[in-house]
Amino acid sequence: MKRLRSLLQKKITAGTLRELTWLERLGQGRVKIVGQAAGQECDDFSSNDYLALTEHPMVIAESRRFLELLGAGAGAARLMSGNLELHRRLEEEIACLKGKEAGLIFGSGYLANIGVIPALVGRNDAIFTDRLNHASIYDGCRLAGASVIRFRHNDPDHLEALLAQKRGRFHQALIVVESIYSMDGDRCPLPAIAFLKNRYDCLLMVDEAHATGIFGANGGGIIEEDGVGSQVDIAMGTFGKALGSYGAYVAASRELVHYLINQARSFIYATALPPAVLGASLAALELIRTEPGLRRELHEKVTLFKNCLQAGGFVGDLGPSQIVPVRIGDSRLALEIACLLRAQGIFATAVRPPTVPKGTARLRFSITRHHQRAVLEKTARLLLALL
Ligand SMILES: Cc1ncc(COP(=O)(O)O)c(C=O)c1O
């Protein structure tokens, strides 16, 4: 216990202690803070519900319909008796969205990444991973037991240098990237990465957690927008962000999905997602397919927010996506600014190490369809006054 206490104390001193903030959801992107600073109502800039689908009437209705029809839980893992027709329908929809032969649902994005990566590569293999990849990808790499080779963030030249130097030493090689990075909001140069995957005979896995539903003519993500789908071996993503539900998926060839059903331990040994969650995801996918106006509206709001910041004198890169990082550097200062914003009705998370590299603490503004013009303008103004 002494060691744990001293570790927590170190975190307090460094301004990196993690604490839960209790919230009540008021709807339409508003939250009320419960506990410390109790009663403060805020506009939520921390949610990944980018398209505001968690509250969409169709998503709620489909979720409720399947809850009442099929019960609260799936009752077992997919390979036992938890395999429902609904899983098949959702997997077909996801395969179609991603332009792949087949899909496979996982309990969450974390479970997908820690299950798929170790299924694909092992001891005599290598994983080439972007330095800023999500923790779930890192944990998947660790579990795989393969050699993990990190390349500089979004730097295909560095990746190529490492491939040229090291690829020959390994049997199988996997390149893993995110298409939109979760904490930086920037975009992977996927065509260049796909070129290298072919040149050096690697598998390519792309985590589209923050791109699916938002980018691409049909909401198929950056792999659709960049036209590289056929070169991506495994497209992974979650239902818990723009799709407003919960769970995750991979889309791949029929053969690869069949292989994962046999080898991905987080798929095999976990209870299947429940009907209400599957119903919500199915409805969300239908909305993505039939209502492109949803993502158009989001992109307009993102542009408005960035324009307000820039017009007010903000200098610095705000990135190309709905995730807008405002870099502060020092963890304590980032926390302080987040607190001051909260007192003025704006809830934005201060993201600090080890979630992001040392010295790069930031406020992460996540724009959603809920945010109205006046809220975006006010938020930009208040933020600029604190920087
Ligand atoms: C890039 C990325 N991959 C995977 C995950 C994990 O997904 P989930 O929240 O569904 O476990 C996240 C979640 O934050 C993420 O940002």
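Everything quoted here is computed from the prediction, not taken from an experiment. Counting starts at 1 for both ligands and their atoms, following the listed order.
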Do D125 side-chain atoms and Q172 backbone N/O form a donor-acceptor pair below 3.5 Å? yes
Going by heavy atoms in the side chains, are V31 and E41 under 4.5 Å from each other? no
(message) Centroid separation under 6.0 Å, is that true for the rings of Y110 and H134?
(response) no
Chain-and-number sorted residues having a heavy-atom contact under 4.0 Å with ligand 1 are S108, G109, Y110, N113, H134, S136, E178, S182, D207, A209, H210, T238, K241
| task | Please confirm whether the backbone N or O of Q231 pairs with a side-chain atom of K197, one donor and one acceptor, at under 3.5 Å? | result | yes
Taken in chain and number order and not counting sequence neighbours, the residues that satisfy side chain to side chain contact (heavy atoms under 4.5 Å, CB included) with P275 are F66, L70, L84, L86
**Report entry** Plane angle bin for F365 and F305 - parallel if under 30°, tilted between 30 and 60°, otherwise perpendicular
**Finding:** tilted
